[in-house]
Amino acid sequence: MRVILLRFGELYLKGHNRNIFENTLINNIKKKLAGEKFSFSKTYGRYIVSGYDEKNEDKILECLQQVFGLYSLSRAIEVEATVEAIENIADEIVIGDSSFKVYVKRADKKFPISSMEFAKELGGIILDNNPNARVDLYKPEVEFNVDIRLNGKAYIYTETIKCQGGLPLGTGGRGLLLLSGGIDSPVAGYLISKRGIEIDALHFHSHPYTSELAKEKVISLAKEISPYTGDINLHIVSFTKVQECLHMNCSEQYMITLMRRIMMRVAEKICEKYSLGAIITGESLGQVASQTMQSMTVTGEVVKKLPIFRPCIALDKEDIIKIANEIGTYNTSILPYEDCCTVFLPKNPVIKPTLERCLREENKINVEALVEECLLGEEIIKINLK
């Protein structure tokens with residue numbers, strides 16, 4: 001029988017909490033495959049998807065590769081865990097003049113032949129039927145794997161497809177991602193979800209300085225990361241009056257720093273309103289003036305009750321671009337529609353702001369009133385997978 005064999009990674013580390021993580025992962029797998037006809041079963045250390053329409057196999061594999069918590073998967077043949085049944089499959093292998101290796105794993109130690117001896121035996125069968133083939137234990141062109149499990153079945157496969165790894169989505173709580181139209185923040189949303197955290201997203205727009213296309217761009221980015229992050233509530237907040245007020249009353253050099261401090265205040269209020277446990281940003285240390293150690297210290301200072309997660313903090317720009325390409329957000333991120341952070345952009349933003357100077361600048365405006373005005377205009381767009 002043709003099946004898909006699933007393996008998980010970090011769940012092995014969870015001790016007495018493992019069942020919680022495993023049950024969440026199983027539910028996520030079933031949700032991901034909703035709409036497909038399939039059967040799901042498990043044996044120790046493995047999950048098995050079977051009974052599916054083989055015409056949809058590639059689609060099913062693509063969906064499973066997006067599930068956090070799965071380490072790898074293989075298209076496999078399931079047979080009874082007997083010497084004869086496994087040898088019959090080996091007898092059918094055609095590999096021409098390719099190099100090959102046989103690897104046997106016995107989770108069931110009651111199997112009558114040791115892993116190494118059985119691998120040699122199966123290799124002999126393959127060589128008998130493929131006289132031009134050759135054994136290569138280090139860099140084989142074909143790897144013939146036999147996984148003998150405790151459920152009385154053996155799974156035979158020749159490929160291992162890498163999955164996302166990480167922790168099952170939903171095991172780490174829910175946070176609020178500050179989602180701009182740039183490259184970094186969608187990657188941050190993906191990376192934090194890889195640690196089990198579901199996300200809402202918050203976007204600040206500055207109509208009429210930014211266009212409707214800029215807003216649509218962010219909606220598209222939320223849709224593009226949702227296959228990994230799950231459903232997203234996208235909170236849209238107008239930032240126009242904040243920027244106009246800062247531009248008229250405060251130091252130009254401190255414009256970006258003051259903006260981000262107000263954004264953080266708004267984000268914390270939204271987290272409190274919707275019971276979200278963290279603020280998540282796409283900041284990468286030293287990438288721009290607002291992302292120096294000093295800048296992040298003074299912008300984060302206004303957040304009193306929640307952690308701020310910065311999953312891109314130590315990544316180079318090239319690292320971030322690579323991930324953006326892998327998850328399919330890069331081409332949208334580089335569309336030429338300005339977001340609010342590029343409006344009223346100062347020529348020489350301060351690189352090492354001080355808290356004392358920030359407080360003096362904020363005394364020139366009514367910060368609380370600006371935060372409340374942002375919240376009053378909140379719009380929520382639901383980004384759903386199905």
Side-chain angles (χ1 to χ4, degrees), residues 1-13 21-43 45-78 142-143 145 147 155-172 186-199 220-232 311 315 319-333 383-386:
M1 180 173 67
R2 193 177 180 92
V3 303
I4 300 172
L5 189 65
L6 308 178
R7 307 172 192 85
F8 45 84
E10 286 189 58
L11 272 63
Y12 285 114
L13 305 175
F21 285 80
E22 240 191 291
N23 290 337
T24 303
L25 177 55
I26 291 169
N27 288 335
N28 290 347
I29 292 168
K30 291 179 178 179
K31 181 180 178 181
K32 196 70 175 177
L33 297 184
E36 296 287 342
K37 179 185 176 183
F38 69 96
S39 297
F40 181 90
S41 58
K42 65 177 184 175
T43 182
R46 300 286 187 269
Y47 302 143
I48 300 99
V49 174
S50 60
Y52 54 87
D53 186 343
E54 291 185 17
K55 294 178 182 177
N56 295 336
E57 187 176 65
D58 287 342
K59 178 184 175 184
I60 291 171
L61 289 174
E62 182 181 354
C63 289
L64 291 170
Q65 284 177 270
Q66 295 171 337
V67 177
F68 291 125
L70 291 179
Y71 179 75
S72 66
L73 59 81
S74 297
R75 312 169 199 248
I77 301 297
E78 180 187 89
V142 179
E143 188 167 303
N145 294 276
D147 192 357
Y155 299 90
I156 302 165
Y157 58 93
T158 57
E159 65 174 342
T160 299
I161 300 170
K162 186 177 179 181
C163 294
Q164 297 297 322
L167 297 174
L169 190 65
T171 56
V187 171
Y190 161 82
L191 289 174
I192 205 68
S193 291
K194 191 172 182 176
R195 304 312 303 160
I197 294 179
E198 296 175 294
I199 60 170
S220 294
L221 287 171
K223 290 178 179 178
E224 287 164 0
I225 61 173
S226 65
Y228 301 97
T229 66
D231 297 344
I232 299 172
L315 298 183
D319 297 329
I320 296 171
I321 289 173
K322 180 183 178 183
I323 296 171
N325 276 307
E326 289 172 352
I327 65 176
T329 59
Y330 179 74
N331 289 334
T332 301
S333 291
I383 308 295
N384 298 316
L385 283 173
K386 301 296 182 181

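Atoms CZ and OG, from R7 and S74 in turn, are 3.5 Å apart once rounded to the nearest 0.5 Å. Taken to the nearest 0.5 Å, the CD1 atom of I232 stands 11.5 Å off from the NZ atom of K223. Here the CG-OG1 distance, from L191 to T229, works out to 12.0 Å after rounding to the nearest 0.5 Å. Once rounded to the nearest 0.5 Å, the distance linking OG1 of T160 with OH of Y71 reads 9.5 Å. Separating the CD atom in E198 from the CG atom in D231 is a distance of 8.5 Å, to the nearest 0.5 Å.
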Practice task
Before giving the answer on side-chain hydrogen bond (donor to acceptor under 3.5 Å, both in side chains), spell out for Q164 and K194 the whole-Å C-alpha distance, their side-chain angles and the decisive distance to 0.1 Å.
Solution key: CA-CA 8 Å; Q164 297 297 322; K194 191 172 182 176; 5.1 Å; no
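In this structure, S226 contributes its side chain and G230 its backbone to no donor-acceptor pair below 3.5 Å. Side chain of N28 to backbone of P168: no donor-acceptor contact under 3.5 angstrom is found. In this structure a side-chain-to-backbone donor-acceptor pair under 3.5 Å is present from N145 to E143. A donor-acceptor contact shorter than 3.5 Å links the side chain of K32 to the backbone of P227.
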Under 3.5 Å, which donor-acceptor pairs link side chains of residues 35-42 to any protein atom two or more places apart or in another chain?
unit_1: E36; atom_1: OE1; unit_2: N56; atom_2: ND2; d: 3.2
unit_1: E36; atom_1: OE2; unit_2: K59; atom_2: NZ; d: 3.4

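No side-chain heavy atom of I383 sits under 4.5 Å from any side-chain heavy atom of I225. Side-chain atoms of S50 and M1, non-hydrogen and from C-beta on, do get closer than 4.5 Å to each other.
Side-chain atoms of E224 and T332 form a donor-acceptor pair, as typed in the model, at a separation below 3.5 Å.
The side chain to side chain contact (heavy atoms under 4.5 Å, CB included) test with Y190 singles out one residue from T329, I323, I199, and that residue is I323.
Relative to the six-membered ring of Y157, R46 misses at least one condition, a distance below 6.0 Å or an angle of at most 45° to the axis.
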